[in-house]
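Counting starts at 1 for both ligands and their atoms, following the listed order.
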Amino acid sequence: MTSHDISSDLARELAVEQAHVDKVYERLAIATKDAQRAAQAGASRYTSDRGDYLREEDATSVYERDVFAYQAAKRLAVLEAEHEGLVFGRLDLTNGDTDYIGRIGVHDDDYEPLVIDWRARAAEPFYRATAADPMDVIRRRVLRCRDDRVIGIEDDLLDGASAPVDLPVIGEGALMAALSRARGHQMRDIVATIQGEQDEAIRAPYQGVTIISGGPGTGKTVVALHRAAYLLYTHRRRFEQGGVLVVGPSDVFMTYIERVLPSLGEESVTLRSVGSVPSDVLPVDAHRTDDSRAAVIKGSVRMVDVLARLVQVPATVSVVGRTGHQPKLDRDFLVTVKGNALRLTGKSLMGLRRQTVRQTKANHARRAGRDAIISALWDLMPPDHGLERDAFTDLVSDHPAVVEALNTWWPTQHATVELRRLSYPEVVARVADGLLDAQEQLELLASFAELGAEGHEDWSVADVALLDELVSLLGTPLDEAADEPLFLTADAQVSEIITLSDRLTHERTDDPYADRFETFAHVLVDEAQDITPMQWRMLRRRGAQASWTIVGDPAQSSWPDRHELDAEIRALVGLGQQRTFRMSTNYRSPAEVFDLAAKVVSRDFPDADLPTAVRSTGIAPDLRTVHRGDLADTLQELVDDLSTQVGGTIGVITPPARQYDIEELLDGLAVDDAVRDRVVCVNTLQAKGLEYDAVIVIAPDEIIAQHIGGSRILYVALTRPTQRLVTLDLVPNGAALTPGAWRVDLD
Ligand SMILES: Nc1ncnc2c1ncn2[C@@H]1O[C@H](COP(=O)(O)OP(=O)(O)OP(=O)(O)O)[C@@H](O)[C@H]1O
């Protein structure tokens with residue numbers, strides 16, 4: 001075929017597809033008007049007289065009275081979301097039918113499908129059909145659109161024997177075209193090019209635990225996000241009402257993935273980084289990471305016992321960190337109500353205390369203690385006093401004597417105040433004795449010594465799981481709970497995306513002693529290899545009844561003790577259903593880059609699960625050694641070159657201890673704003689899960705040395721590029737330019 005034939009074929013096919021896409025948009029224009037009207041009707045119910053949050057009964061009525069308006073609003077959201085085309089696929093079938101696949105289903109006036117939702121069963125062959133098993137598909141076509149214009153076509157011929165002779169087949173294949181495109185700062189959906197093994201994981205049943213494993217770049221994250229969209233589509237009621245929580249390693253990562261679900265039309269998912277998971281019970285949102293050794297101690301399940309001891313140490317000791325006296329209230333206790341002097345003896349008060357502290361969480365005991373004192377006083381009232389019980393309760397609740405007794409015996413314990421006490425050597429010596437060795441105790445103390453001023457603590461990501469454990473041990477402070485709004489309000493200081501579903505499903509329980517952790521019907525945990533045992537406990541509190549999707553790769557783990565970790569995951573899976581999907585193809589890094597990374601990790605971890613790279617660029621990684629004093633010049637030269645060699649992002653990955661200095665050097669580069677916007681500096685922990693067109697890895701030996709995960713963390717850094725990799729070994733000025741130790745025996 002001549003080039004003229006090819007281009008005229010393409011022009012003709014583009015026109016055919018454009019005609020169909022036009023028809024879809026015409027139909028949608030009518031539907032959109034209806035949807036807008038219906039959404040407006042629904043919106044007036046979404047806001048209530050309570051201002052910026054929803055009452056539960058309003059939310060229920062939205063579901064029950066106006067499901068249509070709600071669905072209409074969702075449809076509008078898809079139309080308005082940023083994505084690459086509403087209609088992206090076409091199947092030509094052996095029976096002569098043609099099906100179009102898109103982000104939402106659209107019917108014509110006669111209810112004939114113009115577009116099938118990608119999650120519907122009828123769309124499965126679009127993802128699963130292969131030449132070996134064509135599933136009645138002759139040709140699979142991927143359409144590339146910009147807004148409502150069709151700008152490209154990529155075909156796969158799956159069943160040549162059944163194809164009409166004149167069937168045009170255009171392009172090199174959609175997958176390769178998608179993979180070689182430049183990367184931006186945010187992840188894109190892959191709805192047009194999901195591969196067979198990925199589709200199986202996406203459409204797996206929701207029950208129990210679904211594990212998605214595989215090496216770097218195999219699409220685990222993007223597959224898990226498409227799975228969330230699939231679950232919401234197939235079990236809308238269960239998951240929209242029950243809530244879906246997606247947890248990732250860092251804020252940088254959450255920002256990277258946050259557009260994928262909206263581009264698939266799903267807004268009703270809660271995204272939280274692991275440092276902001278407890279934002280439902282505590283005003284914390286942690287970004288800081290501890291140094292590796294402290295993080296490992298804080299993540300260990302031994303901390304459960306340390307914290308259990310901590311909360312038992314009397315409050316008077318705890319707050320000031322000194323050993324001191326047991327709380328005492330041994331004198332008689334006198335309250336006057338309407339002229340009646342009611343006296344409780346010290347002895348009877350001690351009896352009340354003993355009864356209430358048994359089996360009650362510390363903060364709940366305060367309520368129980370207050371009720372017990374009031375009851376005891378009520379019993380002392382003379383007959384015919386004429387007071388109702390409620391009025392009596394109101395009179396004595398705030399009586400100074402009652403408040404004093406409560407403050408002495410049942411002081412409200414705050415998780416943050418309690419955890420802060422671990423900065424006092426005498427407290428740590430007491431609560432960690434026999435649980436942490438002397439070195440570990442010192443590490444723990446040192447890390448809590450850096451917290452900052454009381455009330456303005458800079459909690460670390462690992463601290464947050466400890467705080468959550470403390471909330472669970474202590475119970476939510478009841479007095480404060482009474483004043484809390486029903487929902488998190490817009491100005492809450494947490495970096496959480498509060499979704500409609502959060503608002504609709506958040507239930508207030510009538511049981512004052514019930515735990516107040518927000519729970520979800522499905523919890524999706526990404527980069528699960530780095531979730532510590534303490535963090536798993538925190539996550540399980542959000543998913544007591546949930547089904548789970550767990551995504552990870554042990555070869556990229558920062559965690560040294562797999563046994564503790566595996567035990568926590570086993571506890572999560574329990575006896576329930578479990579299924580594992582292994583992703584085997586690396587769609588991110590070219591073979592030249594991945595081969596080097598694979599050698600680095602398999603040297604220390606021979607059982608690493610290594611995928612096969614799907615692409616190769618013919619460009620070997622550029623491994624350099626430079627004097628420290630030349631680093632600024634080298635970075636300038638590299639950024640100049642790489643910004644012309646790749647079309648998208650350039651990631652500079654540094655050991656955590658160097659991040660600040662490298663950022664300063666990058667700020668000082670002489671580059672124009674357009675290039676500056678493409679350059680991102682992250683440390684090795686922030687780099688988890690991200691990707692850049694070109695990557696410069698600074699000081700690989702230091703990366704290994706600074707992390708307990710060692711070469712697994714360097715492996716993470718080396719597997720971030722989609723096109724080009726440069727490594728920079730640093731040597732002191734004047735020293736010989738010898739390659740870093742990490743390169744020994746690599747060739
Ligand atoms: N079927 C596909 N079509 C197009 N692009 C894909 C496909 N599968 C994966 N990709 C792309 O490959 C890259 C890697 O995907 P992703 O980040 O989900 O991998 P991962 O397995 O989570 O990696 P890591 O373990 O390194 O975090 C992304 O750019 C993703 O969009």
* S263 and D189: side chain donor to acceptor below 3.5 Å -> yes
* **N-O pairing of R119 and D117 below 4.0 Å** => yes
* Does a donor on one side chain and an acceptor on the other come within less than 3.5 Å for Q198 and E200? -> no
* **Cationic tip of R183 above Y692 ring, under 6.0 Å, 45° of axis** => no
* Any donor-acceptor N or O pair under 3.5 Å, side chains R288, S460 -> no
* Report all protein residues having a heavy-atom distance below 4.0 Å to some atom of ligand 1; order the list by chain, then number. => L175, L179, R183, M187, I190, T193, I194, Q195, Q198, G215, P216, G217, T218, G219, K220, T221, V222, E527, Q556, Y587, R588, G689, E691, R720
* Could you check R227 against T210 for side-chain hydrogen bond (donor to acceptor under 3.5 Å, both in side chains), going step by step and ending with a plain yes or no? => CA-CA 10 Å; R227 174 168 168 73; T210 302; 3.1 Å; yes
